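Just so it is clear, the structure is predicted and the values come from calculations on it, not from any experiment. What's counted below: heavy atoms across the whole structure, side chains too, no hydrogens, waters or symmetry copies.
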There are 2 protein chains.
Amino acid sequence: MKNVTIYEIAEAAGVSASTVSRVINNKPGVKKATKKRVLECLEEHHFSPNETARGLVNQSSKMIGILISDMRTTHHTDGIYYIQREFSRLGYGCLIMNTGYDDADRAHYIQLMNQRRIEAAVLIGSTFQSDLVKDAIEQYLPKIPVIIANGYIDLPNVYGVIADERGGVERCVDLLRRKGYRYPAFAANRETPSNHLKMQGFCDGVRRCFPDREPLVLVTGSEQAEIEGAVNRLFEEHPQTDSVVFSEDPMAAICIRTLHDCGIDVPGQVGVIGINNSFIAEICNPSLTSLDNMLLDLSVAAARSLIDVLQGRHVVKKMMVYSRLVERESTQRDASE
Amino acid sequence: MKNVTIYEIAEAAGVSASTVSRVINNKPGVKKATKKRVLECLEEHHFSPNETARGLVNQSSKMIGILISDMRTTHHTDGIYYIQREFSRLGYGCLIMNTGYDDADRAHYIQLMNQRRIEAAVLIGSTFQSDLVKDAIEQYLPKIPVIIANGYIDLPNVYGVIADERGGVERCVDLLRRKGYRYPAFAANRETPSNHLKMQGFCDGVRRCFPDREPLVLVTGSEQAEIEGAVNRLFEEHPQTDSVVFSEDPMAAICIRTLHDCGIDVPGQVGVIGINNSFIAEICNPSLTSLDNMLLDLSVAAARSLIDVLQGRHVVKKMMVYSRLVERESTQRDASE
DNA sequence: TTGTATGCGTTATCAG
DNA sequence: CTGATAACGCATACAA
């Protein structure tokens with residue numbers, strides 16, 4: 001019960017395989033009548049062309065590869081979704097792989113992508129900015145366009161669109177000062193290039209807004225218990241702390257919960273800011289002020305660029321999408337105190 | 001700068017292409033020495049086999065297809081993640097497509113999957129239980145194993161593992177009664193087979209726990225504003241309502257926010273239950289009692305089944321994963337009132 | 001142990 | 001307008 005081939009169609013229609021091929025691909029130079037006949041046979045036999053064979057002869061897989069560390073990190077799924085939809089529209093399939101955070105594994109996945117002869121690749125996340133990944137791209141994907149969402153690698157075939165994390169977080173500090181907070185801290189879940197930029201932005205802001213202060217920065221881990229623990233420790237060891245910027249909304253949400261359970265008022269006693277402006281920011285109580293780093297716009301830009309490259313248009317190699325600070329209740333207090 | 005082929009390797013190593021092929025595939029009958037020489041050339045030329053060509057000759061794409069309505073619905077990404085990882089381990093690539101909710105589109109995507117000659121398919125979500133999808137499977141994927149996560153279609157090559165939504169929601173009603181709530185309502189975001197089962201479970205529960213009561217059920221839409229509106233309307237039109245079960249956690253979270261803004265106490269005046277036991281349930285304030293329908297376990301079971309089928313083992317055609325009710329603060333009141 | 005020839009399903013290049 | 005024929009890159013039966 002294998003799939004029917006153009007030869008069987010050809011036989012059924014009393015023509016040659018080439019004619020069938022021409023009909024399938026809407027090529028000119030086929031008599032109306034025969035075309036109609038072939039079309040009928042195609043329909044009747046439920047023919048659907050073998051893309052594998054097509055890919056072989058056309059030297060084109062009509063597939064793009066999407067690499068992501070872990071697609072369960074929700075703030076990236078919007079991007080994948082968008083990219084998949086756009087490329088689907090153009091007849092491309094999307095091979096999606098979760099690489100994890102180990103660079104050697106990633107190199108392996110990049111090789112796999114090459115074996116599938118993908119025509120372009122999207123790497124999602126700043127953590128793909130590493131030497132091993134760079135080497136792997138040079139070795140396995142040197143000729144196809146590669147775009148990094150929220151990152152950049154300096155190679156001829158690599159494009160990047162990055163978020164304005166540093167500037168965005170710096171503006172978070174501005175906001176905190178405007179609201180009367182005096183002792184801000186910054187907490188990241190893990191060490192990533194992206195989080196590093198956020199830390200830098202935070203330090204920039206603190207040094208500018210509170211020149212006498214040493215920026216207080218911590219790395220917590222991603223588990224709920226770790227974050228709760230870190231928050232508790234933070235307020236024990238630095239009781240003067242009156243505001244925290246978190247590298248991701250969920251962390252901020254957990255912080256709000258934790259403080260609430262300790263009887264600490266947000267935003268009255270402590271101001272909290274998250275990053276990504278995700279759904280969680282809306283449903284927090286108090287709702288969460290969050291830095292929207294425009295991850296979706298970023299993916300949109302990435303997809304557009306990639307499509308442009310594939311269609312031979314000139315494309316900016318590296319660009320930045322500006323972020324936007326969305327104020328909500330978690331920083332809403334008078335600048336009085 | 002095309003990719004190097006086995007012929008070029010053959011030439012470089014001074015052997016024939018078939019020998020190279022044998023080495024690559026670790027087939028027996030190659031002299032140690034030549035094998036070593038070939039291996040060196042392979043390494044040196046950065047050879048990586050063209051999976052497209054392999055697929056053509058082997059009649060196997062080494063790809064599975066994953067169809068999902070919208071991967072932004074977070075409670076499904078865990079499943080995709082797991083499935084991708086398991087199949088990756090076996091050397092399979094995952095072609096992932098977001099189909100949307102239109103059945104005709106889905107049929108189209110199923111055809112696309114066939115063109116790529118995927119070796120198995122995973123359909124994620126109860127909404128794939130439709131006649132058009134069934135027809136499409138019969139027509140385009142009649143011979144490869146297809147598994148539906150949280151659904152089932154009666155076809156020889158289709159397997160299904162479903163969640164115990166009906167029983168689970170019925171137990172939610174039990175819990176509410178035990179906690180002293182008397183006027184429960186149920187709200188779903190949209191009409192899906194899965195939500196339908198939940199509604200039925202709710203009705204079962206109400207009829208058993210409160211025989212004199214007519215079950216109160218509403219469909220709200222998925223947007224935040226729609227849900228807020230529905231909640232407000234619910235308590236206007238049915239002021240006696242003292243508890244609500246929502247088809248998804250985020251809806252419940254929004255409800256908690258909305259009630260809080262109206263000065264209605266949860267769980268004191270109103271009990272709230274969500275479904276999926278997602279991250280949101282933990283960070284709600286009050287934290288959210290939620291029915292864990294074991295979506296991850298469900299995906300695990302689905303992946304296992306699919307792998308078993310592919311490896312020729314016998315597999316249960318249809319199975320159910322039991323749900324688990326996780327009590328948190330949003331229903332935590334004494335049964336007094 | 002190795003090489004030759006053939007085919008996988010399709011498209012493209014020629015002739016006719 | 002249509003039909004042979006040769007690729008595409010690899011694997012395999014068969015010969016040597």
Round to the nearest Å and state the distance from [X] atom [atom1] to [N] atom [atom2].
X: B:Q115; N: C:dT10; atom1: CD; atom2: C1'; result: 13 Å
X: A:K27; N: C:dT11; atom1: NZ; atom2: P; result: 9 Å
X: B:L42; N: D:dC10; atom1: CG; atom2: C1'; result: 13 Å
X: A:E51; N: C:dT11; atom1: CD; atom2: P; result: 8 Å
X: A:R22; N: C:dA12; atom1: CZ; atom2: P; result: 11 Å
X: A:L56; N: C:dC8; atom1: CG; atom2: C1'; result: 9 Å

Does a donor on one side chain and an acceptor on the other come within less than 3.5 Å for [X] and [Y]?
X: A:K35; Y: A:N26; value: yes
X: A:T52; Y: A:N50; value: yes
X: A:S130; Y: A:R106; value: no
X: A:R117; Y: A:S61; value: no

(Q) Can you tell me whether the side chain of B:S18 and the base of C:dT4 have a donor-acceptor pair closer than 3.5 Å? (A) yes
Q.
Taking atom types as they are modelled, would you say the side chain of B:R117 forms a donor-acceptor pair with the base of C:dG9 within the 3.5 Å cutoff?
A. no
